[in-house]
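The next block holds one structure in the form of structure tokens; read it before the comments.
These numbers come from a predicted model, not from an experiment. Chain letters run A, B, ... following the sequence lines, proteins first, then strands; residues in each count from 1.
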There are 2 protein chains.
Amino acid sequence: MARPRTTPRTVEHPDLSEVTLQQVLEALADPVRRMVVSQLARAGGDKGCGSFDTPVSDSTLTHHFNVLREAGVIRQHYRGTTKLNSLRADELEARFPGLLDAVVTAAEAEA
Amino acid sequence: MARPRTTPRTVEHPDLSEVTLQQVLEALADPVRRMVVSQLARAGGDKGCGSFDTPVSDSTLTHHFNVLREAGVIRQHYRGTTKLNSLRADELEARFPGLLDAVVTAAEAEA
DNA sequence: CGGAAGGTTCGATGGCGGTCGTACCATGAA
DNA sequence: TTCATGGTACGACCGCCATCGAACCTTCCG
């Protein structure tokens, strides 16, 4: 948006100390976003943007990734034309102990 | 609503097995509802409807209580003209281990 | 240098949910 | 029985957010 033409694509990630419980809960309260988090948790490491199984369009998925990133839940970086995603599990655990685990576990159990 | 005139006021509570993670997360994602839950957690036991410190009107608060009850987060029962509320902490812990604790703890830490 | 693949941005839209005020109901006390 | 209290039901409003399609931008590969 504010990026001038032809600049390497970078992504802004908040420090977890700036992230509120409200943001994280809102992020995790959406079913599609929880699918993303679940699949990311199952994958363990990085996972390409296009490799997620969701019922929404690409542009909507981009939106969800943004919400998750701004909530400090995921980390994103480019490699070539592909955007890789990973969970910020450890940092999140330090900030909100038990929260991500509980949600991921519950999501797994329900599915 | 469907209750005929002059019937003792009772409240419907879902079995926690019928409650979804979605419901619980949506319930806990609202700031006002989280205030209610926090104050309930701090109180330990029952707490009258009118004794909560929130920034919303009575009718809105009633709405939030309904959401929390339908999500299996709180239990309500009448005593005289007063409605008492309590957390369904143990049941919730059995259904979604660690979830309520994590949220309550985080909410306390942030406040 | 094309062109294709992978994502993003933009604008529009639709629906849901939080909010309120008012009217109403049940209970207990005077 | 009448009144006051505590809470609910209802209807309306408003703002936000998930969603989409289309246009666009980057990067890689022929």
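For A:Lys83, a side-chain nitrogen or oxygen approaches OP1 or OP2 of C:dT8 to under 4.0 Å. At D:dC20, one or more side-chain N or O atoms of A:Thr60 fall inside 4.0 Å of OP1 or OP2 (strictly under the cut-off). In this structure, A:His64 reaches the D:dT19 phosphate: one of its side-chain N or O atoms is under 4.0 Å from OP1 or OP2. Taking side-chain N and O atoms only, B:Arg33 has a distance below 4.0 Å to OP1 or OP2 of C:dG18.
No hydrogens or angles were tested; on distance alone, a donor-acceptor pair under 3.5 Å links the side chain of B:Ser59 to the base of C:dG21.
Side-chain atoms of A:Ser59 and A:Thr62 form no donor-acceptor pair, as typed in the model, at a separation below 3.5 Å. Counting only N and O atoms by type, the side chains of A:His77 and A:Asn85 include no donor and acceptor under 3.5 Å apart.
Protein atom CZ of B:Phe52 is 14 Å distant from nucleotide atom C1' of D:dG7, rounded to whole Å. In this structure, CG of A:Leu28 is placed 12 Å from P of D:dA18, rounded to the nearest angstrom. When the P atom of D:dG6 is taken as reference, atom CG of B:Asp46 falls 18 Å away, rounded to whole Å. Put simply, CG on A:Leu25 is 17 Å from C1' on D:dC17, counting in whole angstrom units. Note: CZ (B:Arg69) to P (D:dG7) measures 14 Å, nearest angstrom. Distance CG (A:Asp30) to P (C:dG17): 12 Å, rounded to an integer number of Å. Here C:dT27 presents its C1' atom at 14 Å from CG of B:Leu84, a figure rounded to the nearest Å. Rounded to whole Å, the distance from CZ on A:Phe65 to P on C:dT9 is 14 Å.
Taking the ring centre of A:Phe52 as origin, the terminal cationic atom of A:Lys47 falls inside the region bounded by 6.0 Å and 45° from the ring axis.
Residue-level contact check: B:Thr62 touches the bases, meaning some heavy atom is under 4.0 Å from a base atom. If you check every strand for non-hydrogen atoms under 4.0 Å, B:Val67 touches nothing.
Along DNA chain D, the nucleotide closest to A:Thr81 and the one closest to B:Thr81 are compared, and the more 5′ of them pairs with B:Thr81. Nucleotides of DNA chain C nearest to A:Tyr78 and B:Gly80 differ in position, and the one nearer the 5' end is that of A:Tyr78.
Checking A:Gln76, A:Glu12, A:His13 one by one against A:Arg69, the side chain to side chain donor-acceptor pair (under 3.5 Å) holds for a single residue, A:Gln76.
The side chain of B:His63 sits closest to C:dG18 out of D:dG7, C:dG18, C:dC20.
Looking only at side-chain heavy atoms (C-beta outward), A:Arg75 and A:Glu91 come within less than 4.5 Å of each other.
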